[in-house]
Amino acid sequence: MTSTTSTEFLLLEIALPVPLRRCFDYLLPADVSVDELQPGVLIRVPFGRQELIGVLLRVKTETVQEPAKLRAALAIIDSHPALDSELLDLCLWAADYYQCAPGEALQTALPALLRQGEPAQLRGEPVFRLTTEGKGLPEGALKRSPKQAALLAALQTRHQLNRADLDLLDIPRSIAKTLIDKGLVRIDEVTPVPAPLPAQLLGEQPLVLSDEQHNAFAQIDYHHFKTYLLDGATGSGKTEIYLQAIEQTLKQGKQALVLVPEIGLTPQTLERFQRRFNLPIVALHSGLNDRERLDAWLQARDGIARIIIGTRSALFTPLKEPGILIIDEEHDGSFKQQDGFRYSARDLAAVRAHRLGIPLILGSATPSLETLHNAIQGRYQYLRLKARAGKAKPPEIQLLDIRGEILHEGFAQASIDAIGDTLDKGNQVLVFLNRRGYAPTLECHDCGWLANCNHCDARMTVHQTPRHLHCHHCDHQRGIPKRCPSCNSSRIQPIGQGTERSEVVLQQLFPTQKVIRVDRDSTRNKNAMQKLLVDVHSGDPCILVGTQMLAKGHHFADVTLVVIIDADAGLFSTDFRGAERMGQLLLQVAGRAGREEKNGRVILQSHHTDHPLVQTLVQQGYHALADLILHERQITQLPPYRHLALLRAESKQAIAAVDFLQVARQMAEQLQAPQPFFSYLGPLPAMMEKRGDRFRYQLQINSAHRKPLQQLLSQLALQLEASPLAKRVRWSIDVDPQEMG
Ligand code: ADP
Ligand code: ZN
Ligand code: ZN
């Protein structure tokens, strides 16, 4: 037990960006008055031989550190707190819940530039305005240059435009410069301030809600905390409900925060919001540089941005007037961070909305079983949309038994015929295969040798462009051998299908058609995705082939056929969430078919057409599948009926990881003895035991109640941190793990 000493003088308790589950005490820096010491202020401090920037948590007079050894903080970065008390408390709560060092959790909430010592203040930004001469121009001037005329017209109606406005209007900066040279336009530097609600809030009329949509929409209470599950098939009009709920929020002078999956934040999504509202919207996406990200963050904090759309970490955006939180595709795995601060943005959103007293809407066509369970139990208000919105009808799903079929590079003849028919009718086809590369691996036909990765328990994927073998788990790469390394035979061949191979095959089968491949490799460059999709959005017949990147956020008006090459991929996964994920993915992909007037059709190729999970999914849909899996989870005592935590350890020597977990288990059992409602499992090897030359093991902790699990974990974490064994392995705690691997 540590004891506290009471000091005569004031001390600062500071969270530092180090992986230790504690805070650090410092003496006040010179020349600082106490009123500058607001919690949330960033402070530069000495730490060992380096300097770090930390977050002030509080001022106090007691310390567990030895008073003689206390050092003085160096300087306050900015006396305006970077984090307000709401976000500060949320981060500290989350650090505690997810067993993460407080300084590390706070790092996630802060934009990179603030962490590096930049002041948390908005810069002035250049805006374009008309000069007196420009204002004097008659209507219809500059007709000979349509872009110049467009800029002039925009400035006449909107008084001023910033750079982002120019981009939205598709007016190149050079046009602005020409008008500046002509003396018609000038640049002023202005500091943005929150604008009053515009008279014309809406840029387009909202759609008239269907009865079902209206029924869901009318239940939302904007003045209290409540979590709503908006459960509606793809295309059932969930986004329209978000838009109308946001409209209500904006009208009350409040802001909306919308989280979308990592690959769901497409220009299309953004445009839809921008078309609807004449208000500043910021998007926090991976394409922003640090400065742009900080600007967006500050605009949200100062109330300039009224709608904030972003991926996982945008949950920590400060809001001046928070009004509503929305999480689209709430089941998506990207809302859970898989390393460091392993938080779930979805679950934390509920905590944040609760503290703010505002509504949270979780939307999905295939809700996670945790969320579904909460809705069924009545903890969340359950809003359901059963029909598709507008004229679209649900796609017809056809299960294609491919046992014993002769497949043409993975395609059954019936699938090829259906693709041909669809193209002949002038429609588009989407072929789904959740494996990038050319083929899952290389095999020797004579001796059975397989291209294993030397560093992982995994096969190396064959890639053709450029030609190489690539391990998708540790990134190891090597050339494709001409002869078998084991028996020297030249008969080595790629086996199985990847997206590159399907692209080649489809191009051979349909030589006159355009085949567009969308996966991580083909979309690596900036804007590559947009360029690839230009042809799709033109509406001409084409074949899209790709991975789950195609399953989210896209709206393909002319896709009428979806072919799923291998429906069985998730069926025999050792992760207990395998079946749930399979169902979600298949339905999300299927949902790309027939989103508008044209009817959609889905072909599911399967070797296990009799499997009860496949049968249930196809015959009765996702919710029947969910019921089935929930029932199983209840019997096997898994989430959402139980709470799980994983203690993971990895090391170059398997024995070190196993030893560490064995000791951890003993420590844990001392703190909380095993009993029917509280159990331990392990140490067990992870699903991929060796990865990147490290051996990976885990200890599962399963509890019927949240509280004893939390108590155990926080004590265990501190004991492990102090243990010498912990220095020999890499270890981490994952609370509510999503990936069991
Ligand atoms: P989801 O978010 O559930 O996939 P969307 O809100 O994107 O659904 O709606 C799917 C399509 O249906 C969109 O093209 C949308 O414009 C249209 N839509 C939505 N609601 C209505 C409505 N009430 N009346 C007519 N069309 C609608
Ligand atoms: Zn061989
Ligand atoms: Zn590897």
Side-chain angles (χ1 to χ4, degrees), residues 204-217 230-246 258 260-261 264 266 268-269 271-273 275-276 326-330 361-367 383-395 441-461 469-478 481-493 551-558 587-588 590-598 600 688-694 696:
E204 64 174 16
Q205 275 312 301
L207 298 169
V208 178
L209 295 181
S210 67
D211 287 348
E212 211 178 32
Q213 278 173 315
H214 181 76
N215 191 15
F217 172 71
L230 180 57
D231 175 341
T234 2
S236 62
K238 296 183 293 298
T239 309
E240 184 60 32
I241 294 182
Y242 304 151
L243 290 169
Q244 300 201 17
I246 291 172
V258 184
V260 296
T266 60
Q268 250 178 321
T269 312
E271 269 163 33
R272 194 155 168 203
F273 282 79
R275 241 185 298 131
R276 180 66 57 94
I326 295 173
I327 300 200
D328 191 27
E329 312 285 6
E330 66 81 33
I361 304 180
L362 303 178
S364 177
T366 52
L383 312 176
R384 267 202 85 172
L385 304 176
K386 291 191 171 157
R388 273 195 164 186
K391 299 186 198 85
K393 290 199 204 75
T441 198
L442 206 58
E443 186 184 52
C444 171
H445 192 57
D446 289 317
C447 77
W449 170 87
L450 290 168
N452 289 319
C453 174
N454 297 334
H455 309 280
C456 306
D457 292 330
R459 307 266 149 75
M460 296 192 78
T461 305
L469 292 173
H470 196 148
C471 173
H472 291 175
H473 304 284
C474 71
D475 223 25
H476 176 62
Q477 302 180 25
R478 56 183 153 116
K482 294 218 164 52
R483 293 184 163 275
C484 171
S486 171
C487 75
N488 210 31
S489 153
S490 59
R491 299 208 290 169
I492 49 174
Q493 58 206 26
K552 289 166 198 168
H554 299 287
H555 183 82
F556 302 124
D558 300 289
L587 283 192
Q588 295 286 341
R592 304 301 118 192
R595 304 234 324 162
E596 285 185 2
E597 282 91 33
K598 301 170 178 176
M688 189 177 294
E689 185 176 351
K690 186 172 122 188
R691 180 164 168 177
D693 286 323
R694 291 175 173 276
R696 307 156 69 238

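Everything quoted here is computed from the prediction, not taken from an experiment. The figures that follow rest on heavy atoms only: side chains count, while hydrogens, waters and symmetry mates do not. Ligands are counted one by one from 1 in listed order, and the atoms in each one are counted from 1 as well. The residues of the chain are indexed from 1 along the displayed sequence.
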Trainee: Considering only heavy atoms, does Asp328 approach ligand 1 within less than 4.0 Å through its side chain, its backbone, both, or neither?
Mentor: neither
Trainee: For ligand 1, which part of Glu212 has a heavy atom less than 4.0 Å away: the side chain, the backbone, both, or neither?
Mentor: neither
Trainee: For Ile326 and Ile246, what are the C-alpha separation, side-chain angles and deciding distance, and is it a side chain to side chain contact (heavy atoms under 4.5 Å, CB included)?
Mentor: CA-CA 9 Å; Ile326 295 173; Ile246 291 172; 3.8 Å; yes
Trainee: Determine whether a donor-acceptor pair (N or O, by modelled atom type, separation under 3.5 Å) exists between the side chain of Gln213 and the backbone of Gly237.
Mentor: yes
Trainee: Does the side chain of Thr366 pick up a donor-acceptor pair with the side chain of Gln588 at under 3.5 Å?
Mentor: yes
Trainee: Taking only heavy atoms of Gly237, which atoms of ligand 1 are found under 4.0 Å from at least one of them?
Mentor: 1 (P), 3 (O), 5 (P), 6 (O), 8 (O), 9 (O), 19 (C)
Trainee: Just heavy atoms, cut-off under 4.0 Å: does Leu209 contact ligand 1 by side chain, backbone, both, or neither?
Mentor: backbone
Trainee: Could you say whether the N/O atoms of Thr239 and ligand 1 ever approach to under 3.5 Å?
Mentor: yes
Trainee: Any atoms of ligand 1 less than 4.0 Å from a non-hydrogen atom of Val208? List them with their elements.
Mentor: 22 (C), 23 (N), 24 (N)
Trainee: Can you say whether the rings of His470 and His472 are parallel (under 30°), tilted (30 to 60°) or perpendicular (over 60°)?
Mentor: perpendicular
Trainee: Between SG of Cys444 and SG of Cys487, what angle is found at the Zn ion (ligand 2), rounded to 10 degrees?
Mentor: 110°
Trainee: Would you check if the side chain of Asp328 reaches a backbone N or O of Val260 as a donor-acceptor pair within less than 3.5 Å?
Mentor: no
Trainee: Taking all non-hydrogen atoms of both residues, which atom of Tyr242 and which atom of Gly363 are closest, and how far apart?
Mentor: OH-CA, 3.3 Å
Trainee: I need the Cys474 SG to Lys690 NZ distance, nearest 0.5 Å.
Mentor: 9.5 Å
Trainee: Taking Ser489 for its side chain and Cys484 for its backbone only, find out whether a donor-acceptor pair lies under 3.5 Å.
Mentor: no
Trainee: Is Ala233 touching ligand 1 with its side chain, its backbone, both, or neither, if touching means heavy atoms under 4.0 Å apart?
Mentor: backbone
Trainee: Answer with yes or no whether the side chains of Arg459 and Asn452 bring together a donor and an acceptor at under 3.5 Å.
Mentor: yes
Trainee: Measuring from non-hydrogen atoms of Gly232 to any atom of ligand 1, is the shortest distance under 4.0 Å?
Mentor: no
Trainee: When you check the space around the Zn ion (ligand 3), which protein N, O or S atoms turn up under 2.8 Å?
Mentor: Cys453 SG, Cys456 SG, Cys471 SG, Cys474 SG
Trainee: Whether the side chain of Lys238 engages the backbone of Ala233 through a donor-acceptor N/O pair (distance < 3.5 Å, no angle test) should be reported.
Mentor: yes
Trainee: Can you tell which part of Ser210 has a heavy atom less than 4.0 Å from ligand 1: side chain, backbone, both or neither?
Mentor: backbone
Trainee: Could you measure the distance from the CG atom of Leu385 to the OG atom of Ser210? Nearest 0.5 Å is fine.
Mentor: 7.0 Å
Trainee: Flag Leu207 as yes when one of its N or O atoms lies below 3.5 Å from any N or O atom of ligand 1, and as no otherwise.
Mentor: no
Trainee: Indicate if the distance from the Zn ion (ligand 2) to the nearest N, O or S atom of His445 falls below 2.8 Å.
Mentor: no
Trainee: So, Arg276 side chain and Arg272 main chain: donor-acceptor pair closer than 3.5 Å or not?
Mentor: no
